[in-house]
Number of protein chains: 2
Amino acid sequence: MTSKKTSPSSRKPTKSGSSQIDVARLAGVSQAAVSRTFTPDASVSDETRAKVMAAVDQLGYRPNVIARSLVQNSTNIIGLVVRRFTAPFYAYIIQNFIKALQERGYWALIFNIGQSDELAEALPAALQYQVDGLIITSATLSSHQADECARAGTPVVLFNRYVSDGHTHLVSCDHCEGGRMAADALLNTGHTRLAYIAGEEESSTNRDREIGFVSRLKEQGYDLAFRESAGDYNYEKGYAAAQRLLEREPRPDAVFCADDVIAMATMDLARYKLGLRIPEDLSVIGFDDIPPSARPNYQLTTIRQPFGRLVDSTIDALLEAINSPDTKVIEKVVPPTLTWRKTVQKNN
Amino acid sequence: MTSKKTSPSSRKPTKSGSSQIDVARLAGVSQAAVSRTFTPDASVSDETRAKVMAAVDQLGYRPNVIARSLVQNSTNIIGLVVRRFTAPFYAYIIQNFIKALQERGYWALIFNIGQSDELAEALPAALQYQVDGLIITSATLSSHQADECARAGTPVVLFNRYVSDGHTHLVSCDHCEGGRMAADALLNTGHTRLAYIAGEEESSTNRDREIGFVSRLKEQGYDLAFRESAGDYNYEKGYAAAQRLLEREPRPDAVFCADDVIAMATMDLARYKLGLRIPEDLSVIGFDDIPPSARPNYQLTTIRQPFGRLVDSTIDALLEAINSPDTKVIEKVVPPTLTWRKTVQKNN
DNA sequence: TAAGCGTATGAATACGTATTCAATTTTACA
DNA sequence: TGTAAAATTGAATACGTATTCATACGCTTA
C-alpha cells in the first residue's frame, strides 16, 4: 500500500471530495471496478459492487461529471440562448424548455443576451463549454456563426426565427399564417377599418405577422388603414403606440396587436383612459395566448402559439441532430390556433 | 513526426474540434506553449504566440473549458435552483442573477424544480457537475443536504428563505419588516377593518409577511379582522380568494395581499366584478413591486423588494464564500421600501 | 475430471488541459 | 564583452473518469 499518489488532503484547498481512486483503495478493488459500479450494464459482481458502495457511503463519494464528460465527449448540457427573458411568453417557453430537457436527462446552461448581436459573445462561450446542443431563441445566426457551430460539431436549433438557408435546423410557429387568421377573424365579423400595432420592428416574428395580416386583407379587397409601431414587445411602449393610434379620427374599429402584452396595453388604454367599450366600440386581437390573456378582465381573443408542441418539436429536432449528426436539415413550422374569447365584436 | 497519437479524424464521430496538440504540431511548438498562449499572464514570446494563433485560426481551434475545469478544479459555473419560474417577480430575479453572473465571468446552470422537495433530486446533480457555487431560491435546505454541499466543498447561498441555523449563507428581504410597513401604511391612513390574503402557506416569505403585519396591528391595538388564503402566489387563486373575502359583510376597508399578483387580482375583481372604487371603497397594498404594478390602471401601492441589492448581495456573498472558503456565515437581510402609488386611501 | 465458455477483474491508456521543473535562450547591466 | 538575472521553452505529470485488453476465475457440460 504505497502512498505515492496524492491523497485528497493534499489537493487544492478549495474543493474536497474524494475520487474513484480513494474509493478503490478503501474498498480494496481497482479504480476500474469503481467506475464500472457507476456504469449501467457494466460487468461487476454483486460482491465488489457491495464493497464499492460501502466505501462510497463512507467517503461520501459522488461521481465527477466533468471528468466523465471529458472522456465521453458529451456533457449532457444544452446551451439555451435567450432574449426577452422576462416577457411572459418567453418566461413560459424557457421554463418549459428547461423542464422538458431535465426530463430527458439534459441540463440547461443559460446564456442571456440583451440584444440580438450579443449572440456573438455568447456563442463562443457555449461552444467552449462543449454543450451537446444549442437552442437559440429570438436571435438570428449569421452564416459565419453557423459555420463555427458546424466546425465544433455542435447542433443548433433556431426557435421562432425563420431563416431558410438550408443549413440551420429551426422550429417556428407559423407567424404569417397567424397574421392571416387574425385578418380572417376580423373581416368575417364585419370590421372594415383595420389597424396593426407592430412590436419589435427588426424581428422576423413581427414582420411575418404583419405580412400575413396585410396580405390577407389585400386578398379580400381591404387595405391596412392604420399602422402604429410600439418598437418593442413591451407594455409601456404598446400603451404609447395605442394612444397614438386611437386619437386619430376616424378611429379604427379593430386592431391586431403584434403580441398579447401590447393588446392588453391597448385594452387598458381604450377602456380606462378613453372610456371605450371592448368589443362594442373597438375589437382587439392579440398574439401568443399567454396565461394573463385569459384573465376575467381581459378575455382576449388571440392567436395562440402552441407552447407544448413548439417546445417538444424543438427538443425532438435537437436530440435528433445530436444523435444522428448527418440528419438532413429540419425545418418544422407549427400552425397557430385561434383562441376565441370576448374582445372581437361578432354581430357587425 | 510520428503518428502514434490519435489524430482528430480517428476520434468518436460525434464531435470534431481540434486540441492543443493539433495546434502545437501545426505551429511547430509544444502543447504547453499553446496552453500558455491562452493563459493570461503566462510567459510566451510574441513569436510563438503568433505562430500559435496562426495555427489556431487555420484549425478553428477553441479551448475546451471542460478539460480546463478538470485540472483547475473550477468550472466557472454557478448552479441556480429555481422555483415559480414564471412568476413575474422571479422571472426578473432570475434574469438579473444570470446577467450579474455573466458580468462576473460565471455561467448559470439552471435546475428547475416544481416543488420544494424536488430539491432532493436537483442538488446531487448540481454537485456532480462541480458547480463552483449554488444559489437556491424559494426552497429550504435540509441539514442533511447542507452537509452534502459542505462535504463537496460547494458553497450555497439561500435566497429569500430565512433559516438561521448558523451554517447556511443566506440573503433575504426583510419580509417581516415589510409586513409591518404595510400595517403602518394602512393604519396611518385611518383604516380599521384590515384583511390579509395569504399566498403559499408553506413558504417562509408568506409566513413572515403575515407575522410582521399582524404583530404591528396588535402593537397598535388592532386585530386582523379578515384572513383569506389563495394557497399560492397566483392570479387565479388570488382572484378566488379575493372573491371569498369581499363577499363578506361588512367588508374590509383595506387588504394587504401577500404579493402583487394577488393584489392585482383583488383589484380586478373589486373593480370590474363588484364595481368597487379603489381606493375610495377599498384600499389595496401589495408586495414585491413588480413592473406591472406601475401600469396606469393599477398604480399599486406596494412593499418593494429591492431587486438590484438583493441580487448583488447574493452574488457577493456567494463569491466571497467561493474565494475564501473559511469565511464565517453570511446572513444578509435587506430592508424593503414602500412604493406609494394610488391604491391606498389617504384621507380617512 | 477436463474442456470450454462466459463473467469479473486490474493494468494501462486516453480524454484535453494547466502547471511544475529543469534547461535553454534572451536581456540587462556593468 | 562578460556575467547575472530574467524570460522562454518543452518534457513530464496531474486532474477524475471510461474503456480496451489480456488475464484469471467460476461454472456448466460431457
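Letters A, B, ... are given to chains in the order of the sequence lines, protein chains preceding strands, and every chain is numbered from 1. Fair warning: this is a prediction, and the values are worked out from it, not measured in the lab.
- Across all strands, A/Ala32 comes closer than 4.0 Å to base atoms (heavy-atom distances).
- Using a distance-only test at 3.5 Å, with no hydrogens or angles considered, no donor-acceptor pair links the side chain of A/Thr48 to the main chain of A/Val44.
- Within the structure, ring-ring contact (aromatic ring centres under 6.0 Å, His included) pairs that include any residue of residues 134-158 of chain B do not occur (at least two apart or interchain).
- Atom C1' of nucleotide C/dG16 and atom CZ of B/Arg68 are separated by 11 Å, given to the nearest angstrom.
- To the nearest angstrom, C1' of C/dC15 lies 13 Å from CG of A/Asn64.
- Taking for each of B/Ala67 and B/Gly28 the nucleotide of DNA chain D with the nearest heavy atom, the 5'-most of the two is the partner of B/Gly28.
- Remark: A/Phe159 engages A/Phe97 in a ring pair (Phe, Tyr, Trp, His ring centres under 6.0 Å) (not counting sequence neighbours).
- Proximity of A/Gln72 to the phosphate of D/dT19: a side-chain N or O atom is located under 4.0 Å from OP1 or OP2.
- With a 4.5 Å cut-off on side-chain heavy atoms, B/Tyr129 and B/Ile77 do not count as touching.
- Residue A/Gln20 places at least one side-chain N or O closer than 4.0 Å to OP1 or OP2 of D/dA18.
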Identify each donor-acceptor pair in which a side-chain atom of residues 56-67 of chain A lies under 3.5 Å from a protein atom, sequence neighbours left out, and give them as a table.
unit_1: A/Tyr61; atom_1: OH; unit_2: A/Gln20; atom_2: NE2; d: 3.4
unit_1: A/Arg62; atom_1: NH2; unit_2: B/Glu148; atom_2: OE2; d: 3.1
unit_1: A/Asn64; atom_1: OD1; unit_2: A/Ile66; atom_2: N; d: 2.9
unit_1: A/Asn64; atom_1: OD1; unit_2: A/Ala67; atom_2: N; d: 3.1

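- The environment of B/Asp46 atom CG is sparse: at most 12 non-hydrogen atoms of other residues, nucleotides or ligands sit within 6.0 angstrom.
- Counting to the nearest Å, the C1' atom of C/dT19 and the CG atom of B/Asn73 are 14 Å from each other.
- Within the nucleic acid shown, A/Val29 comes within 4.0 Å of sugar-phosphate atoms alone, with no base atom in reach, counting heavy atoms only.
- Residue A/Phe38 contributes atom CZ, which lies 15 Å from atom P of D/dT19 at whole-angstrom precision.
- Side-chain atoms of A/Thr140 and A/Arg161 form a donor-acceptor pair, as typed in the model, at a separation below 3.5 Å.
- Look at CD1 on A/Ile66: it is 14 Å from P on C/dT17, rounded to the nearest Å.
- Atom CG of B/Leu70 and atom P of C/dT19 are 13 Å apart (whole Å).
- For B/Gln31 against C/dA18, a side-chain-to-base donor-acceptor contact under 3.5 Å is present.
- Across residues 44-60 of chain A, A/Val44, A/Ser45, A/Thr48 each have a non-hydrogen atom less than 4.0 Å from an atom of DNA chain C (numbered order).
- Dashed line: the shortest gap from a side-chain N or O of A/Tyr129 to OP1 or OP2 of C/dG16 is not under 4.0 Å.
- Nearest heavy atom pair, residue A/Ser43 against residue A/Arg36, reads O-CD, 3.7 Å.
- Looking at A/His169, its side chain never comes within 3.5 Å of a backbone N or O of A/Val156 through a donor-acceptor pair.
- Atom CZ of A/Arg62 and atom P of D/dG16 are 16 Å apart (whole Å).
- Distance A/Gln130 CD to C/dC15 C1': 11 Å, rounded to the nearest Å.
- When heavy atoms are screened at a 4.0 angstrom cut-off, A/Val65 is found touching no nucleic acid atom at all.
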Which pairs, protein N/O on one side and nucleotides 21-24 of chain D N/O on the other, fall under 3.5 Å?
none

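- In terms of phosphate contacts, B/Ser30 brings no side-chain nitrogen or oxygen within less than 4.0 Å of OP1 or OP2 of D/dA11.
- Counting only residues at least two apart or on different chains, the side-chain hydrogen bond (donor to acceptor under 3.5 Å, both in side chains) pairs with a member in residues 91-106 of chain B are B/Arg104-B/Asp316.
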